[in-house]
Amino acid sequence: MKGRSLRMAHWRAHVNTVNAPVALRHWLTGGGSLTAKLKAHSTAFRVQKLHQDPALCLADEAQAIGLHRSSRVVEREVLLRCDGVPVVFGHTVVPTTATASDWPAFSALGEKSLGSTLFGDPQVHRGVLEFARLRATHPLAMRACAAAGIVLGEGEMLYARRCLYRRHHGVLLVTEVFLPQVLDLVPGGVKIELKKAA
């Protein structure tokens, strides 16, 4: 039972309950499209598709998408890169009961941004954000670290948010795991270094 709990996350309705660093809170709570925000903090933004395949949904997301237990879903995972650096790991699940009319663009996204599709569709209804700290043993933290080539130190956690979207009869759950490098981003994507006095 203990091993299972280490692989679960406790999702909260308010960002203060996860004690995120102050510098990370505006990334976690910012309204609008995360894609647009990342583009504004980089000179070259890219969505790197890792895979989009049938899979079992995670135990802590089954109830959120209306399933009684882990069931088959279509899973999409990506890395969002700013100037080549991975800054966010994206994980999306759609129940297999969803139809093409529910999410017409989902199967053909490729390396296009899901966020720009969701925010550009007036028929999409966005739910409330939930927040969590992911232990190194959580499946999404493990996948995010493996994809980005990073190693968490002892006791370190990754911060994540998720949101449920609805369109017609379909639901779609998007989870975004923020990697440590997101804190290095600055508006415009160019770091300003102060010159030392001669």
Side-chain angles (χ1 to χ4, degrees), residues 4-5 7-15 17-18 27-39 45-81 87-134 138-144 147 158-178:
R4 186 172 183 268
S5 66
R7 293 171 56 82
M8 296 279 285
H10 298 288
W11 293 93
R12 310 293 187 185
H14 200 286
V15 70
T17 59
V18 298
W27 288 104
L28 287 168
T29 60
S33 167
L34 178 61
T35 296
K37 194 169 186 177
L38 291 173
K39 286 181 176 179
F45 172 79
R46 179 193 169 201
V47 177
Q48 178 190 352
K49 177 183 170 184
L50 301 173
H51 76 93
Q52 184 165 329
D53 302 291
L56 281 176
C57 71
L58 302 179
D60 55 3
E61 62 190 9
Q63 185 177 6
I65 58 175
L67 302 174
H68 297 295
R69 56 183 173 80
S70 293
S71 301
R72 301 292 286 181
V73 293
V74 178
E75 175 185 84
R76 172 180 166 86
E77 292 185 335
V78 300
L79 276 179
L80 305 184
R81 293 180 175 270
V87 293
V88 177
F89 173 79
H91 169 85
T92 302
V93 291
V94 178
T96 55
T97 53
T99 66
S101 64
D102 291 329
W103 303 107
F106 185 72
S107 62
L109 276 173
E111 296 206 333
K112 294 178 182 177
S113 165
L114 173 61
S116 59
T117 302
L118 294 175
F119 282 89
D121 187 341
Q123 297 185 70
V124 172
H125 300 280
R126 187 187 191 199
V128 297
L129 287 173
E130 294 182 312
F131 310 92
R133 289 179 295 177
L134 305 183
H138 189 279
L140 292 187
M142 294 172 67
R143 295 183 202 177
L158 294 179
Y159 293 85
R161 71 179 190 181
R162 72 182 187 185
C163 186
L164 187 70
Y165 294 84
R166 299 181 183 275
R167 187 180 189 278
H168 296 173
H169 300 292
V171 296
L172 178 151
L173 184 67
V174 178
T175 303
E176 294 151 338
V177 182
F178 292 82

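For reference, positions follow the sequence shown, starting with 1.
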Trainee: Between Leu79 and Leu50, is there a side-chain heavy-atom distance shorter than 4.5 Å?
Mentor: yes

Trainee: Hey, are Glu111 and Lys49 close enough for a salt bridge, meaning a charged N less than 4.0 Å from a carboxylate O?
Mentor: no

Trainee: Less than 4.5 Å apart, side chain to side chain, heavy atoms only: is that true for Leu164 and Val171?
Mentor: yes

Trainee: Measure the CG-CZ distance between Leu134 and Phe178 for me, rounded to the nearest 0.5 Å.
Mentor: 11.0 Å

Trainee: State whether the side chain of His138 and the backbone N or O of Leu140 hold a donor-acceptor pair below 3.5 Å, judged by distance alone.
Mentor: yes

Trainee: Could Arg161 and Glu130 be called an ion pair, given the rule that one side-chain N must be under 4.0 Å from one carboxylate O?
Mentor: no

Trainee: For Glu77, does its backbone N or O pair with a side-chain atom of Arg143 as donor and acceptor, under 3.5 Å?
Mentor: no

Trainee: Could you tell me the separation between the NE2 atom of His14 and the CG atom of Leu129, rounded to the nearest 0.5 Å?
Mentor: 11.5 Å

Trainee: Quick one: does Leu158's side chain get under 4.5 Å of Phe89's, heavy atoms only?
Mentor: no

Trainee: Do Phe106 and Gln52 have side chains that get closer than 4.5 Å, going by heavy atoms?
Mentor: yes

Trainee: For residues Glu75 and His51, is any side-chain donor paired with an opposing acceptor at under 3.5 Å?
Mentor: yes

Trainee: Measure across Val177 and Ala144 and return the closest heavy-atom pair with its distance rounded to 0.1 Å.
Mentor: CG1-CB, 4.3 Å

Trainee: Testing the basics here: between Thr175 and Ala160, what is the closest heavy-atom pair and its distance to 0.1 Å?
Mentor: CG2-CB, 4.4 Å

Trainee: CG of Asp102 to CG of Leu172: how many Å apart, nearest 0.5 Å?
Mentor: 10.0 Å

Trainee: Quick one: pull up NE2 in His125 and CD in Gln123 and give me the separation to the nearest 0.5 Å.
Mentor: 7.5 Å

Trainee: Give me the atom names and distance for the closest heavy-atom approach of Ile65 to Leu173.
Mentor: CG2-CB, 3.6 Å

Trainee: Please say whether more than 12 non-hydrogen atoms of neighbouring residues, nucleotides or ligands are located less than 6.0 Å from CD in Gln48.
Mentor: yes

Trainee: Check whether Arg133 reaches the backbone of Trp11 with its side chain - one donor and one acceptor, N or O, closer than 3.5 Å.
Mentor: no

Trainee: Does the side chain to side chain contact (heavy atoms under 4.5 Å, CB included) test come out yes or no for Tyr165 and Leu114, once each step is laid out?
Mentor: CA-CA 12 Å; Tyr165 294 84; Leu114 173 61; over 6 Å; no

Trainee: Which pair of non-hydrogen atoms, one from Arg126 and one from Cys163, has the smallest distance, and what is that distance?
Mentor: CG-SG, 3.3 Å

Trainee: Is the closest side-chain heavy-atom distance between Leu56 and Val73 below 4.5 Å?
Mentor: no

Trainee: About how many Å separate CG of Leu58 and CD of Glu61, when rounded to the nearest 0.5 Å?
Mentor: 4.0 Å

Trainee: Stepwise, does the side chain to side chain contact (heavy atoms under 4.5 Å, CB included) test hold for Trp103 with Val124?
Mentor: CA-CA 9 Å; Trp103 303 107; Val124 172; 4.0 Å; yes

Trainee: Distance check, rounded to the nearest 0.5 Å: Thr17 atom OG1 versus Phe131 atom CZ?
Mentor: 8.0 Å

Trainee: If you compare all heavy atoms of Arg72 against all heavy atoms of Pro54, which two are closest, and at what distance to 0.1 Å?
Mentor: NH2-CB, 3.6 Å

Trainee: Which atoms form the tightest heavy-atom contact between Asp60 and Ala9, and what is the distance?
Mentor: OD2-N, 3.0 Å

Trainee: Keeping Arg81 on the side-chain end and Val88 on the backbone end, is there a donor-acceptor pair under 3.5 Å?
Mentor: no

